[in-house]
Amino acid sequence: MKLPRARHRWNLSPRRAVALQRELAEGIREAPLPIAPRLIAGGDCAFVDDGRTIIAAWVVWDLRDACVVEEAHVLRPVRFPYVPGLLSFRETPALLAAARRLRVEPDVFMVDGHGRAHPRRFGIACHVGLLLDRPTIGCAKSRLCGRFEQPEDRTGSITTLSDRDDVIGLTLRTRHAVKPVFISIGHQITLSDACDVVMKSCLGFRLPEPTRLADQLVNRIKKTHGP
DNA sequence: GCGACAG
DNA sequence: ATCTTGTCGC
């Protein structure tokens with residue numbers, strides 16, 4: 001994949017990182033997907049060496065043929081601690097490096113974490129999407145901020161995730177009676193399109209297939225590079 | 001001051 | 001994220 005040149009450095013103080021998020025958040029665009037998406041890239045990370053090395057991977061899933069089209073991964077040293085709200089400074093560098101290794105051009109990227117459903121409206125899905133300059137979705141397993149009502153038990157049920165006066169995302173029941181996932185836009189997509197893509201990517205499991213497979217992949221690689 | 005807090 | 005076994009259910 002041909003990607004834009006890096007716009008900023010990553011080894012910032014938490015304070016600078018927060019300021020950068022506020023600046024970059026202005027560049028996020030919400031827009032309908034140009035075409036019906038077919039290739040969905042799911043990304044995820046895992047850690048080895050007592051947390052000093054991060055493994056990032058993308059698994060590209062073909063929605064039409066229901067099969068994996070390509071996989072790419074990378075190992076890199078960890079340079080930022082986990083701080084709620086600053087997750088992207090820890091995982092994005094590795095995810096971008098791994099994306100650079102993809103040969104196919106995914107229609108949409110799906111990140112394991114929030115996008116706009118973030119205190120400063122700039123979660124990891126926004127950061128990844130902005131730097132990739134590609135449609136990106138944030139699909140998280142738990143809430144970071146905002147309030148919501150539990151969606152009905154039925155598969156496909158949704159409720160809004162709100163913070164102050166903004167609808168920042170949705171909760172989506174991807175499987176009957178199983179905890180919902182939290183969806184928000186990362187970049188260049190609408191919340192509605194994001195929700196459709198996530199639901200269409202689910203094959204009977206709580207997490208969408210691209211993300212689920214990426215999770216399996218990084219954990220498989222992790223065992224290879226033993227603790 | 002007291003909780004909450006993606007992965 | 002990671003540390004960790006068995007167990008209940010489709």
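These values consider heavy atoms only, across backbone and side chains, with no hydrogens, waters or symmetry-generated copies. Below, read A as the first sequence line, B as the second, and so on, with proteins coming before strands; counting in each chain starts at 1.
G85(A) comes within 4.0 angstrom of a base, heavy atoms only. Contacts of L86(A) with the nucleic acid, taken as non-hydrogen atoms under 4.0 Å apart, include base atoms. Residue A46(A) is in sugar-phosphate contact alone, with no base atom involved, counting any heavy-atom pair closer than 4.0 Å across all strands shown.
Ring pair H118(A)/H127(A): centre-to-centre distance not below 6.0 Å. Aromatic pair H187(A)/F109(A): centroids not less than 6.0 angstrom apart.
Rounded to an integer number of Å, the gap from R120(A) CZ to dC5(B) P is 16 Å. Taking atom CG on D112(A) and atom C1' on dA6(B), their separation rounds to 8 Å, with Å as the unit. Between the CG atom of D163(A) and the P atom of dA6(B) there is a distance of 14 Å, rounded to whole Å. Residue D50(A) contributes atom CG, which lies 12 Å from atom P of dT2(C) at whole-angstrom precision. Computed from coordinates, the K223(A) NZ to dT4(C) C1' distance equals 13 Å when rounded to whole Å. Rounded to an integer number of Å, the gap from F205(A) CZ to dG9(C) P is 20 Å. Between the P atom of dG7(B) and the NE2 atom of H127(A) lies a distance of 18 Å, rounded to the nearest Å. Remark: C1' of dG7(B) and CZ of F89(A) are 15 Å apart, rounded to the nearest angstrom.
The shortest side-chain heavy-atom distance between P93(A) and L96(A) does not fall under the 4.5 Å cut-off.
Using cut-offs of 30° and 60° on the angle between ring planes, the pair W10(A) and F89(A) is perpendicular.
Regarding contacts with the backbone of dA1(C), every side-chain N or O of K222(A) stays at 4.0 angstrom or more from both OP1 and OP2. Neither OP1 nor OP2 of dC5(B) sits under 4.0 Å from any side-chain N or O of S142(A). Between R90(A) and dG7(B), a side-chain N or O to OP1/OP2 separation shorter than 4.0 Å is absent. Under 4.0 angstrom from either OP1 or OP2 of dG7(B) there lies at least one side-chain N or O belonging to K141(A).
Closest contact between the side chain of N219(A) and the listed nucleotides dG7(B), dC5(B), dT2(C) involves dT2(C). Side chain of R143(A), nearest nucleotide from dA4(B), dG7(B), dA6(B): dA4(B).
dG7(B) has Y82(A) stacked on its base ring, the centres lying under 5.5 angstrom apart and the planes within 30 degrees of parallel.
No hydrogens or angles considered: a donor-acceptor pair under 3.5 Å links the side chains of R120(A) and Q21(A).
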